[in-house]
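Before any comments, here is the structure.
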Amino acid sequence: MTIRIHDSLSREKRPLEPLEDGLVKMYVCGPTVYDDCHIGHLMGPVVFDTVARWLLARGLRVRFVNNITDIDDKIINRARETGEAWDAIAERYTQQYFGFLRELGVETITDHPRCTEFVPQMIAFIRELMDEDIAYVAEDGVYFDVHRHEGYGKLAGRRLEDMQAGARVQAQGGLRHPADFALWKGVKPGEPSWESPWGPGRPGWHIECSVMSSELLGRAFDLHGGGDDLKFPHHENEIAQSEARGDGFARLWMHNGLVQYGGRKVAKSDPRMQDPEFRQQFQARWLLETYGAPALRFFLVRSPYRRPVDFEPVNLEGARTGLVRLLRALGPLADEPGTPPLAEVLAADLPEPLAARRARFVEAMDDDFNTGEAVAELFSLAADARAAATPETSAQALRLARDLGRQLGLFEPGDTARLAAVGGGASAALAPLAEALLEVRRAARERKAFAVADGLRDALTGAGVEVQDAAGASAVGLDGVAADGLERLMDALITLRADARASKDFATADALRDAVAGAGLRFEDGPEGTRWVQAD
RNA sequence: GGCGGCAUGGCCAAGUGGUAAGGCGUCGGAUUGCAAAUCCGAGAUCCCCGGUUCGAGUCCGGGUGCCGCCUCCA
C-alpha cells in the first residue's frame, strides 16, 4: 500500500514515506482569530481532516498540528476599533473556530498551538538567524534577508529579479530587498509587546509556523498544508527561515483550492463583499444553518481538494440533495453507531460488483485523496443496492457504502436529523404545523375538494416541505426546508384561507386557523389584510 | 510584465493510449385524482489546429479562452 500525494513544491505526485515509521507528522496553517469565521477558514481543516482520517484508516498514526494566530495586526486593529482587549478578541474567535470544527466533524487535529505561547522559542529562532547574519535589524524590526537564502522563491516559482520588476514591491524602511520580511516587529504605542534582544515587540507572521512546527513535530516532518493563497509569501518564507537555520522542514506540501463564487475568487477586498447578503454566503454560521453541517462537509469532500470550490447556492444545494438521497438509501444504517476499521471492511468477503467498488474507492483515496472518485463509488453502491438480486446483497452494498463513507467523516449517526433541522429554528413550529395541514388536506381530498388539497400541497412544497402520499396516509419530509420556510408557508396559508373565505368554504378556513393555532401561531385579521403572529 | 493552474453533455466533475465514471438539473416512462418521493430510461463530434501511434479526452507542438499568485486573504 502506497499513498501518493501531489507535492506543490516539486509539482508531482510523490509517495508518502513517513520519516518515522508508521507516524505521519503534518502541519496545517490555521486562522488568524480576529473576526467571525468564514468558510475559507474551514476548508483547510475539513480537507486535511479527511486526509488524516484516511491515513489513520490506512493504519498510520497521525500527529496533526493546526496553529492559531492569536497576535497580529488585524487583531490589534480590531481591538483598537472596538475597545475590547486584543486577547479577549482572540480567545472568543478561537473558541468559535473550535466550535465550527466540531460541527463539521473535524476531529483528527491533535495540537492547536497558539502563537503567543511560543514567543521565547521564536526569539531563540530569530537569534540563530541573526548569528548567521541571515537576519538583520532595520528601522522597525528584524528582517529576514532573502538574498542570503539560496532557492528563495522555489515554492511559488519565482525569482527575486522578477519580483523587483513588479511595481507593487518596494523596498522601504531600510530593507536590503523589498521581499525581505519581518521576523520581529518593534512595538508601536498602545500595542501589546514582548521583551526581546531587539527591544520590545511581537513576532512577524511567518516565524510562528516555522517555530511551532519544529517545536511540536521536529525540524523535519512529513506534510505541510494550507490554502493556495498561502504559498506566497507565507509558505515561501517559512521554507526560507527554516532551511536557513538548517532544518529539513516539510517533505511534502499540499495546497487546497480557494473559495470562489461564479468562477471568481472571493477575497476580503472583493467589491462584491460590500453587499451584506453576498458576504453572508461565506460566513460559517450562515452556511451551517442554511445547508447543515453534514451537507457542507459532503460538499467539500466530493470536490477535488486542489481545485477552487464554487459556493454558488446551486452547487451547495446540489450537494445537499445528493447527500439526502444517499442517506435515504442508507435508511436506518445511517444512524447506527460505530465505524468498523477499514482493515476489517477490506477483509470482508464480498460478491461482485461490490468488491470492485471497494477496491476502486481505496485506490482513489490512495491516489492523492481523490475524494471525488471515492464519493462516486458511494453513489454507485447505492445503485448496486437497488439492482441487487437479493435483499442480503442489497444490504451488503449499503453497509459497505456506509462504512466506506464513514472513513471520510460522512454518514455519521444523526446526520439525517441534522439536515432536517436546518432552515432556521422556525422548523420547530414548522413540523407540527405541517402535520396539522396534512390532516386538513386529507379531509379536503376525502370530500374531493382537490383545489384546496392541491393549494395546501403547493403551500407546503413552496416552503421546501416534501409531501409524500403513500397508500393509506400521507407524510411530510422536512429535509429540504428553506431557511425562510415558515414565513413562506404562512404567507401561502393566508392566501389559501382568504380564497376559502371568499368562496364561503368556511370549513377549510377554520380548519386552517385551527391547524395554525396547534403550532403556536395565529392569524390576525385586520383592516389591511391578514398577518400572522406567534401566539402567546 | 513575471510565474503557475485549468479547459470533458445545461451545471459540478472522474478519467493511469484501447470503444467517455458519478452527481445535480432537464426530458420521457412507471406510480399518483394531479403531484412529491421512489424506480426505469434518454442525453457528449472530451476548446481549436497540426503531429506521434494500429488506436489519443489521455502523449508532443502551436493557438484561443478562463482562473489564480506576485497586495489584505484560509
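In what follows, chains are A, B, ... by sequence order, proteins preceding strands, each numbered from 1.
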A:Arg159 (side chain) and B:C3 (base): donor-acceptor pair under 3.5 Å: no
Shortest side-chain distance from A:Val259, nucleotide among B:C34, B:C69, B:A74: B:A74
Which residues share a salt bridge (charged side-chain N to carboxylate O under 4.0 Å, His left out) with A:Asp72, sequence neighbours left out: A:Lys74
Counterpart residues, side chain to side chain contact (heavy atoms under 4.5 Å, CB included), relative to A:Glu392 (two or more places apart): A:Thr390
Under-3.5 Å donor-acceptor pair between A:Thr321 side chain and B:C24 base: no
Residue list, ring pair (Phe, Tyr, Trp, His ring centres under 6.0 Å) with A:Phe411, at least two apart or on another chain: none
Donor-acceptor pair (no angle test) under 3.5 Å: A:Asp454 side chain, B:G33 base: yes
Sugar-phosphate only, base, or nothing, as touched by A:Leu258 at under 4.0 Å among non-hydrogen atoms: base
A:Thr32 side-chain proximity, nearest of B:A21, B:A74, B:G23: B:A74
Watson-Crick or G-U wobble partner of B:C59, both distances under 3.5 Å: B:G51
Position toward the 5' end of RNA chain B (nearest nucleotide), A:Ala451 or A:Val467: A:Ala451
Any N/O pairs under 3.5 Å between the protein and nucleotides 26-32 of chain B? List them or say none.
none

Which residues share a side chain to side chain donor-acceptor pair (under 3.5 Å) with A:Glu377, sequence neighbours left out: A:Arg360
Phosphate OP1/OP2 of B:U38: any A:Arg325 side-chain N/O under 4.0 Å: yes
Listed nucleotide nearest any side-chain atom of A:Gln260, set B:G68, B:C72, B:G22: B:G68
A:His235: ring pair (Phe, Tyr, Trp, His ring centres under 6.0 Å) partners, not counting sequence neighbours: A:His224, A:Trp253, A:His255
Nearest-nucleotide pick for A:His41, side chain only, options being B:A13, B:G22, B:A74: B:A74
Minimum heavy-atom distance A:Ile75-A:Ala90, with the two atoms named: CD1-CB, 4.4 Å
Aro-ring/base stack A:Phe450-B:G33, d under 5.5 Å, angle under 30°: yes
Side chain to side chain contact (heavy atoms under 4.5 Å, CB included) partners for A:Asp145, two or more places apart: A:Tyr136, A:His147, A:Arg148, A:Arg176, A:Asp180
Side chains of residues 378-389 of chain A: which donor-acceptor partners sit under 3.5 Å, not counting sequence neighbours?
from: A:Ser380; atom 1: OG; to: A:Ala376; atom 2: O; distance (Å): 3.1
from: A:Asp384; atom 1: OD1; to: A:Arg357; atom 2: NH2; distance (Å): 3.1
from: A:Asp384; atom 1: OD2; to: A:Arg357; atom 2: NE; distance (Å): 2.7

Qualifying residues under side chain to side chain contact (heavy atoms under 4.5 Å, CB included), relative to A:Lys188, sequence neighbours excluded: A:Glu191
Sugar-phosphate, base or nothing in reach of A:Gly227, heavy atoms under 4.0 Å: sugar-phosphate
Position toward the 5' end of RNA chain B (nearest nucleotide), A:Ala453 or A:Ala156: A:Ala156
Identified pairing partner of B:C69, criterion: Watson-Crick or G-U wobble below 3.5 Å: B:G2
Any-strand Watson-Crick or G-U partner of B:G25, both distances under 3.5 Å: none
Minimum-distance nucleotide (side-chain atoms of A:Ala376 versus B:C34, B:A21, B:A74): B:A21
Close N/O contacts between protein and nucleotides 5-12 of chain B (under 3.5 Å):
from: B:A7; atom 1: OP1; to: A:Arg307; atom 2: NH2; distance (Å): 3.2

Paired nucleotide for B:U64 [Watson-Crick or G-U wobble; both distances under 3.5 Å]: B:A7
Heavy-atom protein contacts under 4.0 Å, nucleotides 15-20 of chain B, coded B base, S sugar-phosphate only, - none: S-----
Side chain to side chain contact (heavy atoms under 4.5 Å, CB included) against A:Leu258, all qualifying residues, sequence neighbours excluded: A:Asp228, A:Asp229, A:Lys265
Residue-phosphate contact under 4.0 Å: A:Arg457 side-chain N/O, B:G33 OP1/OP2: no
